[in-house]
Amino acid sequence: MSTHTNTVADRFAAAGAQLDPLTALTAAALVAALGFALLFMQEPLAHEALHDFRHGAGITCH
């Protein structure tokens, strides 16, 4: 029976050993782009864009 628990540090170490630098950079860039979009794009603007898309796709939402 093992008493070792899987910690976040263990998971980061395993990911560091398995991921190549290009994949890690791509993932970081994706997270940064999504964070930038969520931070600087106002929520009402995103809501209206999604609302217009639903109407364009023929989905009745109200």
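Atom CG of D10 sits about 3.0 Å away from atom OG1 of T7, to the nearest 0.5 Å.
Screening residues 27-37 for side chain to side chain donor-acceptor pair (under 3.5 Å), with sequence neighbours left out, gives no hits.
With sequence neighbours excluded, the residues forming a side chain to side chain donor-acceptor pair (under 3.5 Å) with T23 are D20, listed by chain and number.
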Donor-acceptor pairs under 3.5 Å, side chain of residues 27-36 to any protein atom, not counting sequence neighbours: which ones?
none

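By the 4.5 Å side-chain criterion applied to Ile, Leu, Val, Met, Phe, Trp and Tyr, V8 is assigned to a cluster that also includes F12.
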